[in-house]
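Notes follow once the structure below has been shown.
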Amino acid sequence: MKSKATLKQIAKELGVSVSTVSKALNGSPEISEPTKQRVQEYAKLKNYKPNVIGLNLKNRRTKTIGVIIPNILNSFFAKVFSGIEKVADEKGYKVITCISNESLEKEINALEMLSNGTIDGFILSISEESQKLQKFGHFTSIINEGTPIVMFDRIADEVNCDKVIVDDFESAVNAMEHLIKTGCKKIALLSAIDNLSVGKLRAQGFYKALENHGLKVDENLVILTNNNEEFNAEIGGFFIKNKPDGVFAVDEHASVTAMKLGIQNGYKIPQDLSIIGFADGVWSRRMTPSLSTVSQHGPEIGEVAAQLLIDKLESEDETFTFTTTTIKTELRQRDSTKRLQ
C-alpha cells in the first residue's frame with residue numbers, strides 16, 4: 001500500500017512553508033492560483049488526504065458535536081448523553097443529537113447530514129443493524145474525510161478511532177461470581193441482545209464464570225435471542241419447566257421480564273430465585289423487590305467520550321494515536337439477590 005505523505009513532507013519537497021501548504025490545500029485566497037495547483041497536484045500524487053483535524057478545523061470550527069444514539073428509550077443512552085452534554089457545555093460546545101433507531105440507513109443519513117459542515121466531530125454508539133451486517137464503511141469514510149469520531153459502548157474494532165467501553169466480559173464474570181457465592185446452583189442466562197457485541201461479551205462472561213467454578217452448563221437454562229419479541233416468545237414456560245434458582249440477564253428487558261414471570265410463577269425473591277440484570281434504569285429501583293444490577297456508569301462514559309473528542313478537536317497535532325478507555329462497572333446489590341455472609 002502506498003504510504004501517505006504528511007503536511008511537513010509536502011512542504012519540504014516543494015520548498016515552501018507548512019502554512020503555505022495548509023492554505024493551498026484549503027483553497028485560501030492568500031495563495032496564488034499556480035501555487036495552489038502545484039501543491040494540490042503534488043498532494044494528490046503522494047496520496048495525501050487533508051486532515052480536517054490538523055488543517056481545516058481551525059477555519060471551519062462550529063463548536064458543535066454530533067451525537068448519534070441507537071435507541072431513545074434506553075435509559076443507558078440517556079445517561080451517557082447527560083455526561084456528553086455536561087462536558088460539552090463546560091467547554092463551550094453545542095450538541096446536536098440524532099437517533100438511528102437501530103437502522104443502518106438512518107445512521108448513514110445522520111452522518112452525511114451532519115458532516116457537511118454542521119458539526120466538528122461525532123460521538124456515537126453503533127446501531128443494531130450495522131453490527132448485524134458488519135457494515136462499518138460509513139464510519140471510516142467520515143474519518144478519512146477528516147471528521148473525528150468517538151465510539152462508546154457498541155464499537156467496531158475495525159474502525160480506527162477513540163472508543164469508550166465498559167468491560168462487559170469481566171462485569172458478567174463478577175455478577176455471576178456473586179450469584180454462585182450466594183448459593184445459586186442452577187443459573188439461567190437470558191438475553192434479548194445476542195446480536196450485539198455487548199450481549200455476546202456478557203454471555204461469554206457467564207460461561208467463563210461457570211468454568212472457573214467447575215460448573216457444567218445446562219443449555220436448557222440458556223435463552224439467547226436478538227430482540228424483545230423473540231425473547232418474549234421463548235420465555236413463556238421457562239420457569240415452570242426449568243426451575244432455575246438464579247438468573248443472569250444481560251439486558252434490562254430480559255431482567256425485568258424474568259422478575260415479573262418469576263413472581264407470577266410463585267417464586268419468592270431472592271429466597272427461591274436471585275436475579276441480576278445489566279444497566280441501571282429507573283425500573284431497577286422502582287420494582288418490588290428492587291432489582292440488583294450491573295451499573296455501567298453511563299454519565300461517566302459520556303463525559304470521557306466528550307473529553308476525548310474535544311481534545312482531538314482542539315489539538316494542534318497533525319497525527320494522532322487512538323485509545324480505548326474502559327470504564328469500571330459496579331454491582332449494585334438490591335433486594336433481588338441474597339447478601340454475601
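The figures that follow rest on heavy atoms only: side chains count, while hydrogens, waters and symmetry mates do not. None of these values were measured; they are calculated from a predicted model.
- Taking CG of L313 as the start and NZ of K63 as the end, the distance is 9.0 Å to the nearest 0.5 Å.
- Side-chain contact check for T337 versus T182: every heavy-atom pair is 4.5 Å or farther apart.
- Using modelled atom types, one side-chain atom of D245 and one backbone atom of K185 make a donor-acceptor pair closer than 3.5 Å.
- In terms of heavy atoms, I126 sits closest to A156 at CD1-N, 3.5 Å.
- Relative orientation of the F77 and F152 rings is perpendicular, given thresholds of 30° and 60° on the angle between their planes.
- With Q307 as reference, D311 is the one residue of V304, L309, D311 to meet the side chain to side chain contact (heavy atoms under 4.5 Å, CB included) rule.
- Within 6.0 Å of NZ in K186 there are more than 12 heavy atoms belonging to other residues, nucleotides or ligands.
- R154 has a carboxylate O that lies under 4.0 Å from a charged side-chain N of E102, or vice versa, which qualifies the two as a salt bridge.
- The structure places CD1 of I327 at 9.0 Å from CD1 of I165, a figure rounded to the nearest 0.5 Å.
- Smallest separation of non-hydrogen atoms from C161 and I143: CB-CD1, 3.9 Å.
- Using a 4.5 Å heavy-atom threshold, the side chains of H138 and L104 count as touching.
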Applying salt bridge (Lys or Arg N to Asp or Glu O under 4.0 Å) to E330 and K328, what does each step give before you reach the verdict? CA-CA 7 Å; E330 176 187 357; K328 291 294 183 182; over 6 Å; no
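- The CD atom of E230 sits 11.0 Å away from the CG atom of L224 when rounded to the nearest 0.5 Å.
- Shown are E107, E105, K135; of these, the side-chain hydrogen bond (donor to acceptor under 3.5 Å, both in side chains) with S130 is made only by E107.
- To the nearest 0.5 Å, atoms CG (L308) and CZ (F322) are separated by 11.0 Å.
- With respect to K208 and E211, a salt bridge is recorded, a charged nitrogen being found less than 4.0 Å from a carboxylate O.
- With values rounded to the nearest 0.5 angstrom, L25 atom CG is found 6.5 Å from Q40 atom CD.
- A donor-acceptor contact shorter than 3.5 Å is absent between the side chain of S22 and the backbone of V18.
- A continuous path of hydrophobic side-chain contacts links L73 to V67 [ILVMFWY only; heavy atoms under 4.5 Å].
- A donor-acceptor pair is defined here as one N or O able to donate and one able to accept, closer than 3.5 Å; no such pair exists between the side chain of T293 and the backbone of F278.
- Side-chain contact, S127 with S100: no donor N or O sits under 3.5 Å from an acceptor N or O.
- Between the NZ atom of K36 and the NZ atom of K23 there is a distance of 11.5 Å, given to the nearest 0.5 Å.
- At distances below 3.5 Å, at least one donor-acceptor pair connects side-chain atoms of T225 with backbone N or O atoms of S191.
- Scanning all heavy atoms of the two residues, the minimum distance from N228 to A192 falls at OD1-CB, 3.7 Å.
- At a threshold of 4.5 Å between non-hydrogen side-chain atoms, the residues D251 and F231 do not count as touching.
- Looking at S255, its side chain does come within 3.5 Å of a backbone N or O of E252 through a donor-acceptor pair.
- Cluster membership for L201 and L190, using ILVMFWY side-chain heavy atoms within less than 4.5 angstrom, is not shared.
- Taking each heavy atom of A258 and F239 in turn, the nearest pair found is O-CZ, 3.7 Å.
- Of the possible polar contacts, one joining the D218 side chain to the N220 backbone as a donor-acceptor pair under 3.5 Å is found.
- Closest approach of I187 and F248 over heavy atoms only: CG2-N, 4.1 Å.
- Hydrophobic clustering (ILVMFWY, side-chain heavy atoms < 4.5 Å, transitive): I69 and Y93 are in one cluster.
- Within the 4.5 Å cutoff, the side chain of T35 has heavy atoms near those of the T20 side chain.
- Annotation: side chain of N174 is not in contact with side chain of L331 (no heavy-atom distance under 4.5 Å).
- A continuous path of ILVMFWY side-chain contacts below 4.5 Å connects V159 to L124, so both sit in one hydrophobic cluster.
- Other residues, nucleotides and ligands contribute over 12 non-hydrogen atoms within 6.0 Å of the CD atom of E90.
- Linking Ile, Leu, Val, Met, Phe, Trp and Tyr residues whenever their side-chain heavy atoms come within less than 4.5 Å places I10 and L7 in a single cluster.
- A donor-acceptor pair under 3.5 Å links the side-chain atoms of N227 to the main chain of E229, judged by distance alone.
- Between the side chains of R202 and S171, not a single donor N or O lies within less than 3.5 Å of an accepting N or O.
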Given side-chain hydrogen bond (donor to acceptor under 3.5 Å, both in side chains), test E41 with Q37 step by step and report yes or no. CA-CA 6 Å; E41 287 179 353; Q37 185 174 353; 3.0 Å; yes
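- Put simply, the side chain of I269 does not reach to within 4.5 Å of the side chain of D335, judged on heavy atoms.
- Side-chain contact between I263 and P289 is present, with at least one heavy-atom pair separated by less than 4.5 Å.
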List the steps and the verdict of side-chain contact (heavy atoms from CB on, under 4.5 Å) for H178 and S292. CA-CA 11 Å; H178 181 82; S292 296; over 6 Å; no
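- Minimum interatomic distance between T118 and T64 (heavy atoms only, all atoms of both residues): O-CB, 3.8 Å.
- Judged purely by atom type and a 3.5 angstrom limit, E85 has no side-chain atom pairing as donor or acceptor with the backbone of V95.
- No donor-acceptor distance shorter than 3.5 angstrom exists from the side chain of D120 to the backbone of I65, with no hydrogens or angles considered.
- Between T329 and D167, the closest side-chain pair of non-hydrogen atoms is not below 4.5 Å.
- The backbone N or O of P299 lies less than 3.5 Å from no partner atom in the side chain of S82, so there is not a single donor-acceptor pair.
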